[in-house]
Amino acid sequence: LVSPPGSASLKMTCKKSSDGTPLAGLNIAIQAAGGAILTLVTDANGVVLFDKIDPADYNVTITGDGIPTPLTFIKEVNTGVQARKEVLID
């Protein structure tokens, strides 16, 4: 069974680990194997929403003020469900 393209989404929230303050203005880039790099900037609530993306495992990179080296990890995104990830940053 093949999932239809554009049938998934990923919502990420970035906060300070010390006090939970939302981190606005961070660059969040995602890329599936062989796919284009998609980049959004966190809003005032520290949130980005990648909507209508293909189900896949995405390499995620977070950069911006207060992050001396890029944070990277892999996030699985499945069809029909909004994947969520809260990232706590020192």
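What you see is a predicted model, and the numbers here were worked out from it, not measured in a lab. Along the sequence shown, residues carry numbers from 1.
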Exercise. Test Ile37 against Thr61 for side-chain contact (heavy atoms from CB on, under 4.5 Å), laying out the working first.
Key: CA-CA 10 Å; Ile37 297 173; Thr61 303; over 6 Å; no

Self-check item: Aromatic Phe73 / basic Lys85 pairing, under 6.0 angstrom, 45° off normal
Solution: yes

Separation of [Y] [atom2] from [X] [atom1] (nearest 0.5 Å):
| X | Y | atom1 | atom2 | answer |
| --- | --- | --- | --- | --- |
| Cys14 | Leu71 | SG | CG | 8.5 Å |
| Asn78 | Ser7 | CG | OG | 9.5 Å |
| Leu38 | Tyr58 | CG | OH | 6.5 Å |
| Arg84 | Leu49 | CZ | CG | 9.0 Å |
| Asn27 | Leu40 | CG | CG | 9.5 Å |
| Ile67 | Asp90 | CD1 | CG | 10.5 Å |

Self-check item: Flag side-chain contact, heavy atom, 4.5 Å: Val87 against Leu26
Solution: no

Quiz item: Are Ile28 and Val60 close enough that some pair of their side-chain heavy atoms sits under 4.5 Å apart?
Solution: yes

Compare every heavy atom of [Y] with every heavy atom of [X], then report the nearest pair and how far apart it is.
| X | Y | result |
| --- | --- | --- |
| Leu88 | Ser17 | CB-CB, 3.8 Å |
| Ser9 | Lys52 | CB-N, 4.4 Å |
| Ala83 | Glu76 | CB-O, 4.0 Å |
| Ala56 | Ala32 | CB-CB, 3.8 Å |
| Pro22 | Ala44 | CB-O, 3.7 Å |

Quiz item: Excluding sequence neighbours, so at least two apart, what forms side-chain hydrogen bond (donor to acceptor under 3.5 Å, both in side chains) with Thr21?
Solution: Asp19

Quiz item: When you measure from the side chain of Asn59 to the backbone N and O of Ile74, does any donor-acceptor pair fall under 3.5 Å?
Solution: no

Quiz item: Taking Thr42 for the side chain and Leu23 for the main chain, is one N or O donor matched with an acceptor at less than 3.5 Å?
Solution: yes

Practice problem: Might you confirm whether atom CG of Asp57 has over 12 heavy atoms from other residues, nucleotides or ligands at distances under 6.0 Å? | Solution: yes

Exercise. Report yes or no: do Val47 and Ile89 belong to one cluster of Ile/Leu/Val/Met/Phe/Trp/Tyr joined by side chain heavy-atom distances under 4.5 Å?
Key: no

